[in-house]
Amino acid sequence: MQDFKLIENKWQKYWEEHPEISRAENNSKKEKKYVLVEFPYPSGSGLHIGHTFSFTGGDVYARFKRMQGLNVLFPMGWDAFGLPTENYAIKMKRKPQEITKENTDMFKKQMKKLAFSFDWSREVNTTDPEYYKWTQWIFIQLFKKGLAYKKEMPINWCPSCKIGLANEEVVDGKCERCGSEVSRRNISQWVVKITEYADKLIDGLKETDFIEKVKQSQINWIGKSEGAKIKFKIKNSDKYLEVFTTRPDTLFGATFMVIAPEHEISLEMAEKNEEIKKYLNETRKKSDLERTELKKEKTGVFSGLYAINPVNNKEIPIWISDFVLSSYGTGAIMSVPAHDERDFAFAKKFGLKIIPVIKPKEDHNFEKEAYINVDNGEIINSPPIDGMVPAEAFEKMIKWLEEKKIGERSSSYHLRDWIFSRQHYWGEPIPMINCPKCGWVPVPDNQLPIALPEVEAYEPTDDGKSPLSKIESFVKTKCPVCGGEAERETDVMPNWAGSDWYFLRYIDPNNNKEIASQELMNYWGPVDIYIGGDEHNVLHLLYSRFIYKFLWDLGVVSKEILEPYYKRISHGVILGPDGQRMSKSRGNVIVPEDVSEKYGVDVLRMYLMFMGPFDSTMAWNEKTIAGVKRFLERFNKFVLSQKDNVIDSSDEVKVIINKLIKGVTEDLETFKYNTAIAKMMEALNNLTSLLNYKVAIKDIKTLIKLLAPLAPYITEEFYSFFEKTSVHMAEWPIVDKKYLIEDEVTIMIAINGKVRSELKINSTKQNDKDYVLNLARQDKNIIKWIGTNDIVKEIYISGRMVNLVIKL
RNA sequence: GGGCGGGUGGCGAAAUUGGCAGACGCAACGGCCUUAGAAGCCGUCAGGGGUAACCCUUUGAGAGUUCAAGUCUCUCCCCGCCCACCA
């Protein structure tokens, strides 16, 4: 098989001439299957092993489903906007457009070599104006529905990238991309109200078959808490302080309140008091990293104000502390130090009152720590609700608050609105115009796309504005409403924008009237199986589901299809040979091209699928490749040695073949590629060394077909010995059940659960319990084991085992 | 601290979902072939005992349920990933 390169070249050329092999048919009566793998960011270093692994996984499944007679949509495209290309462009003084073209060309070439059966007629590219025209259109719809708004807000600012970052792009207080410490800065930003869809995004998960892990991370990220909003009157003022709490039942234990430094009352009081001003300045200097690092030691300052606890009219002090976040809830809390660790720590530090309102079930010292096992115990020190369990008291208090109109049932979410502006060049321009008279006005549909103009320098400006702001011809425009002088928005969209809806575009990639035709979306949607990395289980998936649900509300997508992705599975991670994550700095990077040059594409693909379960983390082991290589060589030999033989296979061979069909079909269906390959190896071992039976051509072809999704090149070559058509268009083998029924079954005989002997019986007798038990009792070994003891119980699992329980 | 995974030979891993633990592969060892190497082929391969047929022990630790537990329940230990002052 040293000529694998010849075979690869030959068949790659053939497939190029026969694109129908991987084409998805739009007007088909066949059942559809939409298999989606996350499209890559085409970096300059080419396809890496992770791409190769996950795309192979998708490709095997797509090929398998096609052979089963389904109309498979297995597309590919490019998520090509982004900082690496922009940074490279700056460094090399070249156009990002050119660089992107080079990279996507390289990726495509590598993918073809690896035999990924994408339908290339549906290729999409997020940087193509004909594509991002619709990304811009979606933004305009968000704006029109009041879901996109401009807001001056403190954002995470990366001083090195000179860019604003979304919360999710900040890792440990550092910029996700460059690792610089992130600081805060006020910038006018476009913000998208994803929070409006929080409940829908939780509820919609019911419609999906995502693995539990993915559902959980989505739910956790949205972070819904149910509780109440409560208004506390501020003493000597007609103002109120509103808080959110999940425990209105502990209201009698609220002995003080805390507001965030960014809270308007804090800002107001700072004007009057130097100490407060000082504290606010201190916290402002802290980055998020520092603020969260100070886990133990609480800081704070008294605001000088008191609030009135509505349940008992007690005066309680209002403090200012940075452990309260302005971005969550109302930016203010009622503190119940007896039953909350943070409140307790704060109360201890500043000598505030601690009143228990839940009676602990076990001994508890309220001087030492908070009693946080709050679902247990009964309510105390709270006259109207004393003696109730917390859940009951919760409902009672909400009712009371609502009657008195000082509070109401409410939910709060961890999820925040989505900052949608990026002060960069290489992204989709936000299609908005700022008119001095009319305010923000969207670009009319017939002027879309707003194409990225060519600029001379791609660097962001020091004041944080996008490079586009320097292009007067771009910025200056007319207001579409009043016709007066106006200016264009110069920020661009975040990376997620283009990848939110790409799966819809594959369905109808050349449509210039709409995102995609409803009819086609109705046929192809939802994505049946979406393969991607864990790192996208939260953000990409959530944003994409949000945009889909928004489009659903607009009536743009099929009403029948509530969720964009039916099933999501995550692929595993391939570590370097040293068991560490592959990285250039560690020097442990495996380049797929090197491997395929050395062993061939089929070996690379099969090795990747054989390493372990598709969703697990596995270290690269060059030596193990030999096993797969040997298997393919033995398979080769086997086919060559049998191909002149035309006799019918023996029943024993047919049993092996049919068992294999069953096993491989089940394994491919459930992405258990490693065991599918093991079964093929086992079958080949049996056919060659153990039995050495002659195999009929019909059955040889079956073996080739079973292997075809995994090793597309070599199977195409083998199949061509017998047929003129492509194996990848062949029909998937069907099990002949006749051969799955074995004549003889082996039944294990155990005594007290330990296997002591075995029994071979004719399979027609396997359901005859008395017959089997009788034979079991007469077994020589068993007689010996039983000795003079009595059998107290006999259990028979049909066709499997007998267990005789004896009394010793 | 919270959530989700996971712990099985020297290694990567299987185990019909409660029914023969270790399939398949790697490595290792022994042999054949070869002038020699490479490749290939045949064999051994969880640990211990026995000349042997066989026996005992073994799925992170311990308990439990069961005729039967890698699989179910409880307690504990360790590892990985994600999130975290979320009121």
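By convention in this document, chain letters (A, B, ...) are assigned in the order of the sequence lines, proteins followed by strands, and residues within each chain are numbered from 1. Worth knowing before you read on, the calculation uses all heavy atoms, side chains too, and leaves out hydrogens, waters and symmetry mates.
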Is [X] close enough to [N] that one of its side-chain N or O atoms is under 4.0 Å from OP1 or OP2 there?
| X | N | value |
| --- | --- | --- |
| A:Asn685 | B:rG25 | yes |
| A:Arg800 | B:rA68 | no |
| A:Arg630 | B:rG25 | no |
| A:Ser225 | B:rA87 | yes |
| A:Arg342 | B:rC86 | yes |
| A:Arg756 | B:rC56 | yes |
| A:Asn674 | B:rA14 | yes |
| A:Lys754 | B:rU57 | yes |

Problem - Residue whose closest nucleotide on RNA chain B lies nearer the 5' end, A:Lys637 versus A:Val628 - result: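 This one resolves to A:Val628.
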Measure from the side-chain heavy atoms of [X] and tell me the nearest of [options].
| X | options | result |
| --- | --- | --- |
| A:Leu325 | B:rA87, B:rG19, B:rG3 | B:rA87 |
| A:Trp785 | B:rC55, B:rA13, B:rC20 | B:rC55 |
| A:Thr246 | B:rG40, B:rA87, B:rC4 | B:rA87 |
| A:Tyr328 | B:rC86, B:rC55, B:rC24 | B:rC86 |

Handout entry: Anti/syn call for B:rG80, syn if |chi| within 90°
Key =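 Because its glycosidic torsion lies more than 90° from 0, B:rG80 adopts the anti conformation.
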Exercise for the section: Kindly label the base of B:rU17 as syn or anti, based on whether its glycosidic torsion lies within 90° of 0. Expected result: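 You should classify B:rU17 as syn.
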Could you check whether [X] gets within reach of a base, just the sugar-phosphate, or nothing at all, counting any heavy atom under 4.0 Å?
| X | answer |
| --- | --- |
| A:Met611 | sugar-phosphate |
| A:Asn537 | nothing |
| A:Met748 | base |
| A:Ser217 | nothing |
| A:Lys679 | nothing |
| A:Phe610 | base |
| A:Asn803 | base |

Atom [atom1], compared across [N] and [M]: separation rounded to whole Å:
| N | M | atom1 | result |
| --- | --- | --- | --- |
| B:rU73 | B:rU66 | C1' | 12 Å |
| B:rG22 | B:rG10 | C1' | 14 Å |
| B:rC77 | B:rA28 | C1' | 33 Å |
| B:rG19 | B:rC26 | C1' | 30 Å |
| B:rA15 | B:rG7 | P | 12 Å |
| B:rC54 | B:rU17 | C1' | 32 Å |
| B:rU65 | B:rA14 | C1' | 27 Å |
| B:rG25 | B:rG31 | P | 23 Å |

Problem - Side-chain donor/acceptor of A:Lys213 to base of B:rC81, under 3.5 Å - result: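 Result: no qualifying N/O pair found.
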Check: [X] side chain, [Y] main-chain N or O, donor-acceptor pair, under 3.5 Å:
| X | Y | answer |
| --- | --- | --- |
| A:Thr255 | A:Lys353 | yes |
| A:Tyr673 | A:Phe614 | no |
| A:Ser335 | A:Pro337 | no |

Handout entry: N-O pairing of A:Lys348 and A:Glu369 below 4.0 Å
Key =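 Salt bridge between A:Lys348 and A:Glu369, a charged N being under 4.0 Å from a carboxylate O: no.
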Completion exercise
Secondary structure of RNA chain B per the Watson-Crick/G-U criterion (both distances under 3.5 Å; [ ] crossing, | other strand, . unpaired) is (((((((..(((......[....))).(((((.......))))).((((....))))..(((((..]....))))))))))))....
Practice task
For this output row, return yes or no: ring centroids of A:Phe256 and A:Trp319 closer than 6.0 angstrom.
Solution key: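 So the answer is no for these two rings.
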Problem - Centroid-centroid under 6.0 Å between A:Phe346 and A:Phe344 rings - result: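 Ring centres of A:Phe344 and A:Phe346 not closer than 6.0 Å.
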Problem - Derivation of the side-chain hydrogen bond (donor to acceptor under 3.5 Å, both in side chains) call for A:Thr195 and A:Asp417 - result: CA-CA 6 Å; A:Thr195 48; A:Asp417 278 342; 2.6 Å; yes
Exercise for the section: Begin from the C-alpha positions of A:Asp667 and A:Lys679 and carry the test salt bridge (Lys or Arg N to Asp or Glu O under 4.0 Å) through to its verdict. Expected result: CA-CA 10 Å; A:Asp667 284 353; A:Lys679 280 169 188 155; 2.8 Å; yes
Problem - Trace of the side-chain hydrogen bond (donor to acceptor under 3.5 Å, both in side chains) decision for A:Asp779 with A:Ser757 - result: CA-CA 8 Å; A:Asp779 184 276; A:Ser757 189; 3.0 Å; yes
